[in-house]
Amino acid sequence: MNPFKFGTIVEGDFFTDRVEETTLLTQKLDSENHLVLISPRRLGKSSLVQKVLNQTTRPQIQIDMQYVVSVGDFAAQLLRALFRLYPFERIRHAMTHFRVAPTVSVNAVTGALEVTFQPTANATVMLEDAMSLLDKVTSPDNRFIVVIDEFQEVVKIAKGFDRQLRSLMQRQRNLNYILLGSQESMMAAIFEKKTSPFYHFGQVVRLGKIPYADFHSYISDRMPQQVPSLAEEILEITDCHPYYTQQLSSQVWEMMTYQNITEDVVGRAMSALVRMHDLDYERLWQTLNRTDRYTLRQLALSHQPLQNRSQATSTSYSSLVRLMKLGYVVKTTQYELEDPFFLRWIRQNNM
Ligand SMILES: Nc1ncnc2c1ncn2[C@@H]1O[C@H](COP(=O)(O)OP(=O)(O)OP(=O)(O)O)[C@@H](O)[C@H]1O
Ligand SMILES: [Mg+2]
């Protein structure tokens with residue numbers, strides 16, 4: 001079986017490093033504090049959190065803010081998660097204080113309980129009721145862990161939702177929140193700006209790429225044959241980005257295993273991947289305006305795309321900000337293209 005995996009949460013043998021981060025998260029969960037985890041897309045937030053969650057038997061709730069459409073919907077999702085953890089009767093008894101009674105129905109196909117509130121119900125009341133139910137079920141010897149993904153969306157759902165949520169959260173005891181986000185600037189504004197309701201809510205951790213030495217042996221150990229400088233070549237292209245490293249390694253492994261290719265296998269795997277994504281990249285390119293295309297091309301064609309990019313001129317700055325919001329550009333120590341295959345595609349089409 002292909003020992004490389006990409007696109008979903010990785011666990012067990014597919015997971016490497018993150019030793020310090022795992023310790024830090026575990027320690028936070030052993031305290032009354034909350035944690036905020038920030039990284040660009042596909043850098044391993046969910047996998048890291050899952051690893052830590054797998055090590056505990058504490059009850060867990062996971063909500064993705066991307067799929068929350070309103071304050072009432074957040075309350076309903078919270079209830080649905082609680083219904084999944086406990087027998088219906090137990091939760092029902094804890095709900096006697098509810099001012100707006102939700103309707104609970106069983107999905108005949110999946111058997112899952114569905115929760116809906118009357119559309120006219122007051123959203124603040126629904127939220128308060130649902131959060132107080134959480135207070136009731138969590139206790140010192142049964143401490144909940146609540147993970148909220150893409151948390152930066154909180155500010156887009158409804159005006160004042162962040163403030164409401166924060167004031168309810170800060171009164172809660174015996175539970176930990178882990179709040180994840182992939183929009184660096186929005187997450188920073190939410191947790192590090194003095195005027196934000198979530199200022200200093202929890203320790204902010206920024207997840208980086210996987211350390212070179214670790215990824216090097218991870219790759220070398222899993223390849224079907226030892227080809228000199230194979231891992232170096234892969235990491236040179238992916239710059240230790242976990243998702244792209246796994247994807248390129250997976251392609252290399254397949255070519256070596258099924259086609260017996262060893263000669264320039266990394267280069268050929270790279271070409272294959274760029275070809276595979278050609279249509280997506282072309283579509284994506286069409287959605288961009290001229291300035292953004294120019295900016296991306298500058299980043300891709302620069303002889304040293306990973307250097308000298310910290311000083312952007314004011315004209316290209318707004319384009320960079322836009323491209324960062326869209327996730328195509330990330331800023332580490334300099335501005336860089338997020339996707340090394342897209343970078344290659346841009347080079348191929350702009351020479
Ligand atoms: N610790 C790790 N070891 C090896 N590979 C990893 C690790 N963490 C992540 N990856 C690779 O990166 C991919 C993305 O990981 P994951 O889904 O955890 O990231 P994420 O930050 O939650 O992404 P998203 O922004 O899409 O939610 C995985 O499918 C896997 O290929
Ligand atoms: Mg994730």
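Read the numbers this way: they start at 1 and go in the same order the structure lists the ligands and their atoms.
- For Tyr244 and Phe6, the gap between ring centers reaches or exceeds 6.0 Å.
- Between Ile210 and ligand 1, no N or O atom pair is found at a separation short of 3.5 Å.
- Residue contacts with ligand 1: Thr16 is placed with a nitrogen or oxygen under 3.5 Å of a nitrogen or oxygen of the ligand (distance criterion only).
- Residues Leu113 and Val100 share a single hydrophobic cluster, defined by chaining ILVMFWY side chains whose heavy atoms lie under 4.5 Å apart.
- The side-chain heavy atoms of Tyr335 and Val330, taken from C-beta on, include no pair separated by under 4.5 Å.
- With ligand atoms numbered from 1 in the order given, ligand 1 contributes 4 (C), 5 (N), 6 (C), 31 (O) to contacts under 4.0 Å with heavy atoms of Gln246.
- Residues Glu338 and Met324 form no side-chain contact, since every pair of their non-hydrogen atoms from C-beta on lies 4.5 Å or further apart.
- Ionic pairing of Glu32 and Arg143 is present here: one or more N-O contacts between side-chain nitrogen and carboxylate oxygen are shorter than 4.0 angstrom.
- A salt bridge is defined here as a Lys NZ or Arg NE, NH1 or NH2 lying under 4.0 Å from an Asp or Glu carboxylate O, and Glu184 with Arg206 meets this definition.
- Counting heavy atoms from C-beta outward, Phe83 and Val115 have side chains that approach closer than 4.5 Å.
- Side-chain atoms of Asn107 never come within 3.5 Å of backbone atoms of Ala112 as a donor-acceptor pair (strictly under, hydrogens ignored).
- Stacking of Arg90 on the aromatic ring of Tyr86 is recorded, both the 6.0 Å distance cut-off and the 45° axial limit being met.
- Every atom of ligand 1 with a heavy atom of Phe6 under 4.0 Å away is listed here by number and element: 29 (O), 31 (O).
- Summary of contacts: the protein heavy atom closest to atom 20 (P) of ligand 1 is Lys45 N, 3.5 Å.
- The ring pair (Phe, Tyr, Trp, His ring centres under 6.0 Å) test with His34 is passed by exactly one of Phe191, Phe201, Phe198: Phe201.
- Of all the heavy atoms of Gln247, none lies under 4.0 Å from any atom of ligand 1, so neither backbone nor side chain is involved.
- Annotation: atom 6 (C) of ligand 1 to nearest protein heavy atom, Val10 CG2, 3.5 Å.
- The nearest heavy-atom contact from the protein to atom 31 (O) of ligand 1 is Lys5 O, 2.6 Å.
- Of the heavy atoms in Thr8, only backbone atoms (N, CA, C, O) come closer than 4.0 Å to ligand 1.
- Between Arg41 and ligand 1, an N or O atom pair is found at a separation short of 3.5 Å.
- Note: Ile234 CD1 to Gln247 CD = 12.0 Å, rounded to the nearest 0.5 Å.
- When distances to the Mg ion (ligand 2) are checked against a cut-off of 2.8 Å, Ser46 contributes an N, O or S atom below that limit.
- Residue contact annotation: Phe4 has no non-hydrogen atom under 4.0 Å from ligand 1.
- Regarding atom 27 (O) of ligand 1, its nearest protein heavy-atom neighbour is Ser46 OG, 4.0 Å.
- Looking only at heavy atoms of the protein, atom 10 (N) of ligand 1 is closest to Pro242 CB, 3.5 Å.
- Ligand 1 has an N or O atom lying under 3.5 Å from an N or O atom of Gly7, backbone or side chain.
- Counting non-hydrogen atoms of other residues, nucleotides and ligands closer than 6.0 Å to OH of Tyr67 gives a total of 12 or fewer.
- Near Phe14, meaning under 4.0 Å from one of its heavy atoms, ligand 1 places the atoms 3 (N), 4 (C), 5 (N).
- Near Arg18, meaning under 4.0 Å from one of its heavy atoms, ligand 1 places the atoms 1 (N).
- Shortest contact from atom 19 (O) of ligand 1 to any protein heavy atom: Gly44 N, 2.9 Å.
- For Leu43, the heavy-atom gap to ligand 1 drops under 4.0 angstrom.
- What sits closest to atom 18 (O) of ligand 1 on the protein, heavy atoms only, is Ser47 OG, 2.6 Å.
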